[in-house]
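For reference, the structure is listed below as structure tokens.
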Amino acid sequence: MGHTVVGVDNFNDYYAVGLKHGRVESILRPAGVVCHAFDLCDEQALQELFAVTQPDYVLHLAAQAGVRYSVENPKSYLQSNLLAFGNILEASRQHRVKHLVFASSSSVYGSSDKTPFQEDDPTDQPISLYASTKKANEVMAYSYSAIHQLPITGLRLFSVYGPWGRPDMAYFNFTKKILLREPLEVFSNGTLLRDFTYIDDVSEAVTRLLFKEQAAVGKVPYEVFNIGNRRPTSVLDFIRILENLLGVKAILEFLPMQLGDVRITHAGTDKLHKWIDFSPDTQLQTGLSDFVTWYREWHMHDGAHA
Ligand SMILES: NC(=O)c1ccc[n+]([C@@H]2O[C@H](COP(=O)([O-])OP(=O)(O)OC[C@H]3O[C@@H](n4cnc5c(N)ncnc54)[C@H](O)[C@@H]3O)[C@@H](O)[C@H]2O)c1
């Protein structure tokens, strides 16, 4: 679309740094994206980058992710999800960007059993610190938008998977263990239901949202959207599809439900579809098949790092 794109990541070691650099080398650099390495908590570095690049649009995805890790290491969530987010809001306000889009999470819906989740459902009882930082981002963004008339959009992402994904997520770990013939830890007897969303669908939705003008006249220019696949699948069914694609039977070790986990996630996407004429729809079989192809190749070349 003729835009110059600049990225920032602190390349922290929450998971294999080689995978993070691999994404830069394989996806970003060939597309002409220049990537800067610094921490978004460093307000001065961020301000300097904004001053030099004068961005029109800001897509903020950096965060400390993971529900379970937030029980062990709360501090990194306070730093990366609250302080860094505050710096992004402030820089975006000062430089009057046209649109700030940021990643929230389906976890803001807490342990709600009322499905599908709709954007106007209650989200004031998050059951992990991770979820509460994402909820905090939404309300901080709303107030910046209201006070400064800054167009901002929040993305409630639902279990994103695919090539170059996050190795701490269950699907990634399952694949690794199935291939190594090691037992998989399956919580809640595999009955947890997740709305797995394929990465290319997320990219499509985010690109459409970023460049969509908000009809701001007379209202706060803030919106939030579910980005999910509308089809919750049990973790056990998910494992069966993976087994078939890998051609190896999984060894299952059933464990009780974990702290902070929710029973079901299920995205209602009517609002998204009305707004951008698109909603995620890739079948698990198709998306996982692409993931498995990528995984095998990555491990052949760089497996030691992931
Ligand atoms: N993957 C999912 O299923 C999912 C679901 C819901 C929400 N999200 C949200 O989507 C966003 C992207 O998720 P992801 O799965 O790609 O996670 P990821 O961990 O792969 O990507 C986040 C990146 O941010 C960087 N980062 C973290 N703290 C930083 C800081 N202080 N300064 C600079 N860089 C920093 C990390 O190094 C990492 O490369 C996150 O905000 C996450 O919370 C993801």
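Order of listing sets the numbers, starting from 1, for every ligand and every atom in it. Each residue takes its place number in the sequence, starting with 1.
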Can you list the ligand 1 atoms lying under 4.0 Å from a non-hydrogen atom of Lys134? 40 (C), 41 (O), 42 (C), 43 (O)
N/O to N/O below 3.5 Å, does that happen between Gln64 and ligand 1? no
Can any side-chain N or O of Lys212 pair as donor or acceptor with the backbone N or O of Trp275 at less than 3.5 Å? yes
Parallel, tilted or perpendicular: which one describes the rings of His60 and Phe85, with boundaries at 30° and 60°? tilted
Closer than 4.0 Å to some heavy atom of Ala62 - which atoms of ligand 1 meet that? 24 (O), 26 (N), 34 (N), 35 (C)
Heavy-atom contact under 4.0 Å between Val8 and ligand 1? no
For atom 30 (C) of ligand 1, find the nearest protein heavy atom and state the residue, atom name and distance (0.1 Å precision). Asn10 ND2, 3.3 Å
What residue and atom, counting heavy atoms only, is the protein's closest point to atom 39 (O) of ligand 1, and at what distance? Asp9 OD2, 2.6 Å
For Glu253 and Pro183, work out which heavy atoms get closest and say how close. OE1-CB, 4.0 Å
Looking only at protein heavy atoms, which one is nearest to atom 6 (C) of ligand 1, and how far off is it? Leu157 O, 3.3 Å
Option with minimal heavy-atom separation from atom 32 (N) of ligand 1, where the choices are Leu40, Leu19, Asn12: Leu40
Between the side chains of Asn73 and Tyr69, does any donor sit under 3.5 Å from an acceptor? yes
The single option from Asp195, Asp281, Asp237 that satisfies salt bridge (Lys or Arg N to Asp or Glu O under 4.0 Å) with Arg231 is Asp281
Would you say Thr282 and Asp201 are linked by a side-chain donor-acceptor pair, where the criterion is simply a distance under 3.5 Å? yes
Just to confirm my output: which protein heavy-atom neighbour is closest to atom 28 (N) of ligand 1, and how far is it? Ser80 OG, 3.2 Å
Closest heavy-atom pair, Pro151 versus Lys98, reported as atoms and distance to 0.1 Å, is CG-O, 3.2 Å
With a heavy-atom distance limit of 4.0 Å, tell me whether Tyr130 approaches ligand 1 through its side chain, its backbone, both, or neither. side chain
Would Asp290 and Tyr198 count as having a side-chain donor-acceptor pair, cut-off 3.5 Å? yes
Under 4.0 Å from a heavy atom of Tyr15: give me the atoms of ligand 1 that qualify, with their elements. 18 (P), 19 (O), 20 (O)
Distance to 0.1 Å, residue and atom name: give those for the protein heavy atom nearest to atom 2 (C) of ligand 1. Val160 N, 3.6 Å
Nearest heavy atom to atom 7 (C) of ligand 1: which of Gly66, Ser159, Ser104, Gly228 does it belong to? Ser104
Is it possible for you to check whether Arg156 lies under 6.0 Å from the centre of the six-membered ring of Tyr109, through NZ or CZ, and within 45° of that ring's axis? yes
Nearest heavy-atom pair of Tyr144 and Ile152: which atoms, and what distance? CB-CD1, 4.2 Å
Assess the pair Phe291 and Phe172: is the distance between their ring centroids shorter than 6.0 Å? yes
Would you call the rings of Tyr161 and Phe238 parallel, tilted or perpendicular, where under 30° means parallel and over 60° means perpendicular? perpendicular
Pull out every atom of ligand 1 sitting under 4.0 Å from any heavy atom of Ala103, numbered as shown with elements. 9 (C), 10 (O), 11 (C), 41 (O)
Can a protein heavy atom be found under 4.0 Å away from atom 26 (N) of ligand 1? yes
Of the protein's non-hydrogen atoms, which lies at the shortest distance from atom 40 (C) of ligand 1, and what is that distance? Leu61 O, 3.0 Å
Atom 1 (N) of ligand 1: of Arg166, His60, Gln79, the nearest heavy atom sits on Arg166
May I ask whether Phe158 has any heavy atom positioned less than 4.0 angstrom from an atom of ligand 1? no
Side chain, backbone, both or neither: which part of Met169 has a heavy atom under 4.0 Å from ligand 1? side chain
